[in-house]
Amino acid sequence: MRTYGQYCPIARTAEILAERWTPLIVRNLLFGAETFSAIAGGVPAMSRSTLVARLRELERAGVIETRPKPTGRGSLYSLTDGGRDLADTIYAMASWGERWVEIEPRHCDPGFALWAWCRVQLDRDVLPENRVVVAFRFPEERRGERDYWLLVQNRSAEVCHSDPGGDPGLWVESSSQAFVDWHRGARSWRDVTSSGDIRVHGSSDLARSFPRWNLHEPHPG
């Protein structure tokens, strides 16, 4: 890890946190991601080799700790006491960004929005009790990043990058920015659907309940 060579606590903290991607890894861990794939899901544009390197750096710095999975190969990742103490710093960054940084089309990755939705913005109390698949298409995105599936079961949901099987109960087609704007609460469901920016077809019951699954604001835990 590179050093500024200064005893200043800002400099020493920046040596750990100012690396590209590192604050997002800490954010994902604060959001409850424990496995490599779960952490990677929240940073889809990050290479796997860079993620491996950053996790090792954070472990050496005492920010995270790892332990073997009880079953199967791989590790589980969690924040140390020092890592959890970064929560106020990460949320202060979020507050500053919300206030001062404009969201542009280049920031509107629908895959991340779906990941964040399932991780911390999902109202599990209103999810269907039975297994449901919702298919998404974002036509503006590159091939391989246009189609996602939301698999709902056991009062939870996960994002799938390949068809999990079973006929979708609902199909959603949307521009990336409209979906992100609705997901974060900048536009209402009525607005994005009446404008045609988001189009939904399938089960009428699911179509009515679907907007209520989204809490808009992160709710860790």
Side-chain angles (χ1 to χ4, degrees), residues 20-21 23-24 27-28 31 33 37-47 93-124 126-128 132-153 156-219:
R20 180 171 169 79
W21 299 111
L24 304 189
R27 175 204 65 190
N28 294 356
F31 282 178
S37 60
I39 297 168
V43 282
M46 184 182 189
S47 74
M93 291 174 67
S95 178
W96 186 89
E98 187 71 24
R99 182 176 182 185
W100 295 106
V101 182
E102 294 294 328
I103 293 179
E104 301 174 12
R106 61 194 176 98
H107 299 132
C108 296
D109 178 356
F112 169 73
L114 286 167
W115 179 90
W117 186 4
C118 291
R119 182 62 56 181
V120 290
Q121 292 165 276
L122 190 68
D123 190 344
R124 290 172 170 78
V126 299
L127 291 179
V132 170
V133 175
V134 180
F136 293 85
R137 168 154 288 191
F138 301 98
E140 304 161 308
E141 297 299 318
R142 297 180 298 178
R143 187 183 299 274
E145 298 177 5
R146 294 174 189 161
D147 296 299
Y148 298 88
W149 291 262
L150 199 66
L151 175 60
V152 178
Q153 54 187 356
S156 190
E158 63 177 307
V159 184
C160 301
H161 296 264
S162 58
D163 191 340
D167 292 334
L170 204 63
W171 286 263
V172 178
E173 184 171 311
S174 176
S175 73
S176 299
Q177 183 156 5
F179 183 77
V180 168
D181 283 346
W182 167 71
H183 164 69
R184 67 188 185 89
R187 294 178 66 185
S188 70
W189 184 249
R190 180 187 294 274
D191 180 21
V192 293
T193 53
S194 62
S195 67
D197 291 330
I198 295 182
R199 296 167 295 283
V200 177
H201 66 277
S203 163
S204 57
D205 288 342
L206 282 176
R208 283 193 297 270
S209 69
F210 175 78
R212 295 188 290 114
W213 302 356
N214 186 7
L215 291 171
H216 301 299
E217 295 295 331
H219 289 260

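Just so we're clear, the structure is a prediction, and the values are computed from it rather than from any experiment. Every heavy atom of this structure was used, including side-chain atoms; hydrogens, water molecules and symmetry mates were not.
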* Using atom types as modelled and distance alone, determine if a side-chain donor or acceptor of R27 lies under 3.5 Å from a backbone N or O of G42. => yes

* **Backbone of S176 reached by a side-chain donor or acceptor of E140 within 3.5 Å** => yes

Could you state the interatomic distance from [atom1] ([X]) to [atom2] ([Y]), rounded to the nearest 0.5 Å?
X: H216; Y: W182; atom1: NE2; atom2: CH2; result: 6.0 Å
X: F210; Y: D205; atom1: CZ; atom2: CG; result: 15.0 Å
X: D181; Y: S174; atom1: CG; atom2: OG; result: 9.5 Å
X: H161; Y: D147; atom1: NE2; atom2: CG; result: 12.0 Å
X: F138; Y: S175; atom1: CZ; atom2: OG; result: 9.0 Å
X: N28; Y: R119; atom1: CG; atom2: CZ; result: 8.0 Å

Measure across [X] and [Y] and return the closest heavy-atom pair with its distance rounded to 0.1 Å.
X: W149; Y: V133; value: CD1-CG1, 3.9 Å
X: V43; Y: I39; value: CG2-O, 3.4 Å
X: C108; Y: E141; value: O-OE2, 4.1 Å
X: V159; Y: C118; value: CG2-SG, 3.7 Å
X: A157; Y: V152; value: CB-CG2, 4.0 Å
X: Q177; Y: I103; value: NE2-O, 4.5 Å

Within a strict 4.5 Å, meaning less than it, do heavy atoms of the [X] and [Y] side chains meet?
X: R146; Y: P139; answer: no
X: F112; Y: L24; answer: no
X: L122; Y: L215; answer: no

* **Working for side chain to side chain contact (heavy atoms under 4.5 Å, CB included), residues L206 and W213** => CA-CA 10 Å; L206 282 176; W213 302 356; 4.0 Å; yes

* E104 atom CD: more than 12 heavy-atom contacts under 6.0 Å -> yes

* Run the salt bridge (charged side-chain N to carboxylate O under 4.0 Å, His left out) check on R137 and E173 step by step: do they pass? -> CA-CA 5 Å; R137 168 154 288 191; E173 184 171 311; 5.7 Å; no

* To do: Mind telling me whether H183 and W117 have parallel, tilted or perpendicular rings, with 30° and 60° as the class edges?
  => tilted

* Quick one: do F31 and W115 satisfy side chain to side chain contact (heavy atoms under 4.5 Å, CB included)? Show the steps, please. => CA-CA 11 Å; F31 282 178; W115 179 90; 4.0 Å; yes

* To do: Tell me, with the steps shown, if V126 and S209 meet side chain to side chain contact (heavy atoms under 4.5 Å, CB included).
  => CA-CA 8 Å; V126 299; S209 69; over 6 Å; no

